[in-house]
Amino acid sequence: MLTKQSNVGTAEQTYYIIDFDSTFTKVEALDVLGEISLVGRPDRDDVLDQIKTITDRGMSGEISFTESLNLRLNLLKAHRDQLPALIENLMGSISDSFRRNKQFLTEHAEYIYVVSNGFKEFIIPIVTSLGIRAENVFANTFVFDETGAIVSFDPENPLSANGGKSQVIRNLNLDGEVYVIGDGYTDYEIRASGLANRFYAFTENVMRPRVVEKADHVAPSLDEFLYHNNLSRSQSYPKSRIKVLLLENVHPIAVQLFEQEGFNVEIRKGALDEDELIEAIRDVSILGIRSKTNVTARVLEHANKLMTVGAFCIGTNQIDLDACTKKGIAVFNAPYSNTRSVVELAVGEIIMLIRSIVPKSNSMHNGGWDKSAKNSFEVRGKKLGLVGYGNIGTQLSVVAEALGMEVYFYDIVDKLALGNARKCKSLDELLAVADIISLHTDGRKENKNLISYREFSLMKNGVIFLNLSRGHIVEIPALVDAIERGKVAGAGVDVFPQEPKTNNEEFVSALRNLPNVILTPHIGGSTEEAQENIGNFVPGKLLEYINNGSTYGSVNFPELQLPLLKGAHRLLHIHANVPGILAQMNSIFAKYHINIHGQYLKTNEQIGYVITDVAKEYADEVVQELKGIDNTIKFRLLY
Ligand SMILES: NC(=O)c1ccc[n+]([C@@H]2O[C@H](COP(=O)([O-])OP(=O)(O)OC[C@H]3O[C@@H](n4cnc5c(N)ncnc54)[C@H](O)[C@@H]3O)[C@@H](O)[C@H]2O)c1
């Protein structure tokens with residue numbers, strides 16, 4: 001059966017010794033207590049720094065542990081009344097992998113000891129909430145004075161002195177294997193004094209090189225510890241073993257999101273060329289890039305662990321999508337994250353252009369002063385014509401109406417009009433009616449020169465014209481001609497048929513130095529907010545795929561939005577889209593009497609994606625047989 005083994009009840013019993021501060025919880029409890037007890041004191045930050053320094057001096061052996069504890073408690077000036085606030089804070093700071101693995105902690109409670117130099121008053125409420133027994137907690141106890149102030153600790157307790165943890169384990173006289181999990185040197189000392197068989201350096205919250213160096217094994221999470229010991233755990237495969245490679249300076253929020261999930265994240269500032277990427281990608285499961293890294297078929301030949309690629313941008317031309325699909329690699333991008341940024345720029349430009357601000361501003365820079373209302377108009381009541389009514393077009397429609405404009409739109413697809421916007425039956429109809437025309441079509445090749453001499457001739461005289469979509473949609477000589485003839489009274493152009501590849505290259509265009517023309521270097525969607533949105537959006541998609549199997553929004557995979565996995569195992573099967581695969585899978589399920597909770601299938605031209613949720617217990621052979629079906633590309637198991 002696939003249910004994981006447990007060594008409870010075997011002849012050789014295993015005992016688990018777990019540290020508290022920075023292991024069971026993400027924080028050091030006395031630091032948190034200090035933050036509470038010193039509230040309102042002007043020297044709070046100074047005192048907190050002193051406490052941290054004393055903690056470090058104690059840990060490095062510069063002063064004795066007992067002395068460091070005494071000094072810290074004196075500085076803390078804490079009170080019994082502050083303990084509930086501390087406990088509440090610690091409850092919210094339980095390490096993620098401990099919280100996830102409550103089942104393991106509860107089921108093995110008899111053999112788990114929490115041994116800490118902290119204090120029982122706050123440790124017991126926290127660890128018992130995850131099933132650990134209060135009598136298995138070994139820690140110090142506070143001494144309070146008659147007013148309830150914390151004045152000292154029980155000096156008889158071995159944990160108030162150096163070597164205390166080893167002393168406690170020795171007294172326990174455990175008969176069996178002893179494994180210690182902790183982040184500190186004092187945890188390693190148990191192993192050093194021969195009282196433990198293994199020491200696992202726990203690095204989910206802090207990584208102390210001196211401790212890691214001494215460890216038998218490094219455990220970036222409790223899942224890793226459980227995986228290493230083949231014990232039941234919340235993750236089928238510890239996320240710390242899944243490598244994420246993020247290139248091209250993706251937004252820090254993305255790094256944080258992957259790290260929070262417990263993945264092993266590597267970041268590189270720049271793009272990698274093909275050979276560098278081949279070298280870097282071998283053990284990578286999740287790749288994040290922007291527009292400058294090319295994920296070619298040759299790179300993919302070496303990407304044997306790669307499950308998904310996130311393009312932290314809009315376009316995916318830099319990725320060989322076909323080759324990704326054939327290898328069962330799902331690709332995601334961020335198509336809407338900068339919609340609002342483009343809309344705001346368009347609105348700003350429309351107002352600047354219709355007021356003829358650009359020539360006025362330019363003239364003033366040369367000493368001019370042209371104070372007049374001539375050729376300056378309000379946008380209120382003007383007719384805005386949107387060509388393309390997709391994400392950007394519709395959002396601009398809404399914002400423009402809020403400014404009092406009348407919105408007309410034309411789209412090749414029948415789109416629902418938002419607000420009071422009016423649909424035009426043809427492009428020609430729209431061109432003839434609008435005072436301001438803004439292009440928001442996609443860049444398909446049929447749209448090349450969509451707007452040329454004929455189209456400009458259909459527009460009203462003195463029209464305001466914007467292109468913030470794609471460069472090749474407008475024939476530039478036709479636009480230049482229309483501006484020079486006064487047909488177009490003002491233009492805003494952000495995208496060009498030929499754009500410089502780097503900031504060092506010259507921008508060459510016939511649009512330079514024309515009156516009332518705003519030129520911007522393809523920055524319609526470039527704002528800090530859009531970058532942050534992308535940094536949030538793309539990891540969200542990748543994590544949904546990794547954690548749940550959902551492919552909604554993928555640019556190359558059949559799209560499936562799946563329910564959250566609960567009380568079942570999820571088998572994900574990606575295969576070449578040939579007839580009969582689902583039937584073969586289901587005959588395997590039938591042969592082994594598998595209880596199916598749910599099954600989902602979607603295909604595209606190249607691949608099929610089948611998700612089957614099954615009851616947790618089934619024969620190991622099922623997985624082997626599913627993997628063995630001809631034309632299987634990838635198989636994954638989630639639980
Ligand atoms: N300047 C920038 O920095 C920047 C940033 C983001 C997006 N963009 C560009 O803006 C454009 C619009 O983006 P979006 O997210 O709204 O795209 P979208 O795909 O949501 O919308 C495009 C719409 O154009 C319509 N369309 C296509 N061809 C048409 C035609 N010939 N006539 C009328 N309608 C047509 C489509 O049916 C669709 O509704 C894209 O070209 C995109 O590349 C530019």
Side-chain angles (χ1 to χ4, degrees), residues 217-221 223-224 227-228 233 235-248 250 254-255 257-268 271-289 293-312 316 318-333 538-539 541-551 554-557 569-576 606-607 609-611 623-624 626-629 631-639:
H217 194 86
V218 177
S221 64
D223 297 279
E224 170 65 29
Y227 180 82
H228 194 244
R233 60 195 173 273
Q235 296 179 344
S236 44
Y237 189 73
K239 291 193 175 153
S240 51
R241 292 189 169 227
I242 296 182
K243 187 162 171 189
V244 182
L245 177 62
L246 299 176
L247 304 176
E248 301 187 59
V250 301
V255 180
L257 287 169
F258 285 116
E259 282 179 345
Q260 264 169 12
E261 280 275 320
F263 290 110
N264 171 6
V265 184
E266 184 186 333
I267 42 177
R268 303 221 195 160
L272 295 184
D273 67 24
E274 198 177 40
D275 287 333
E276 288 168 333
L277 189 55
I278 285 173
E279 200 45 52
I281 207 156
R282 286 174 207 279
D283 54 349
V284 169
S285 300
I286 302 173
L287 175 68
I289 58 164
T293 302
N294 291 316
V295 182
T296 62
R298 214 180 125 233
V299 167
L300 293 168
E301 277 169 28
H302 299 83
N304 291 327
K305 286 196 168 177
L306 195 60
M307 293 194 272
T308 182
V309 178
F312 284 73
T316 49
Q318 73 282 34
I319 303 169
D320 188 332
L321 292 178
D322 218 38
C324 281
T325 314
K326 286 192 183 122
K327 277 203 82 144
I329 297 163
V331 181
F332 297 88
N333 65 343
V538 178
K541 289 283 156 198
L542 301 178
L543 292 172
E544 258 181 43
Y545 177 59
I546 295 289
N547 292 340
N548 199 36
S550 288
T551 49
S554 167
V555 289
N556 68 328
F557 251 50
H569 280 194
R570 179 163 284 173
L571 313 171
L572 303 100
H573 193 268
I574 304 165
H575 51 264
Q606 288 173 301
I607 57 168
Y609 185 37
V610 175
I611 282 85
V623 168
Q624 293 319 315
L626 288 171
K627 285 182 179 170
I629 295 175
N631 291 303
T632 297
I633 298 174
K634 261 193 167 65
F635 177 86
R636 215 152 54 94
L637 170 66
L638 292 175
Y639 61 82

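Side chains included, hydrogens not; waters and symmetry mates left out as well; all remaining heavy atoms used.
No donor-acceptor pair closer than 3.5 Å links the side chain of S285 to the backbone N or O of M307. Of the possible polar contacts, none joining the K541 side chain to the N333 backbone as a donor-acceptor pair under 3.5 Å is found. Here the side chain of E248 pairs a donor or acceptor atom with the backbone of T293 at under 3.5 angstrom.
Not counting sequence neighbours, the partners of R282 by the salt bridge (Lys or Arg N to Asp or Glu O under 4.0 Å) test are E279. In this structure E266 satisfies the salt bridge (Lys or Arg N to Asp or Glu O under 4.0 Å) test together with K243, R268, sequence neighbours excluded. With sequence neighbours left out, the side chain to side chain contact (heavy atoms under 4.5 Å, CB included) criterion links A254 to V250, F312, P539.
The structure places OG1 of T632 at 3.0 Å from NE2 of H573, a figure rounded to the nearest 0.5 Å. Atom CG of L257 and atom CG of L543 lie 7.0 Å apart (nearest 0.5 Å).
Taking both residues in full, the closest heavy atoms of R636 and L638 are given as NH1-CD2, 3.9 Å, listed atom of the first, atom of the second, then distance.
Ring geometry, Y639 versus H569: the interplanar angle falls under 30°, so the pair is classed parallel (tilted spans 30 to 60°).
Salt-bridge formation is detected for the pair R298/D275: a Lys NZ or Arg NE/NH1/NH2 atom is positioned less than 4.0 Å from an Asp or Glu carboxylate oxygen.
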**Report entry** Criterion side-chain hydrogen bond (donor to acceptor under 3.5 Å, both in side chains) on D322 and Q606, from CA distance to verdict
**Finding:** CA-CA 9 Å; D322 218 38; Q606 288 173 301; 2.9 Å; yes
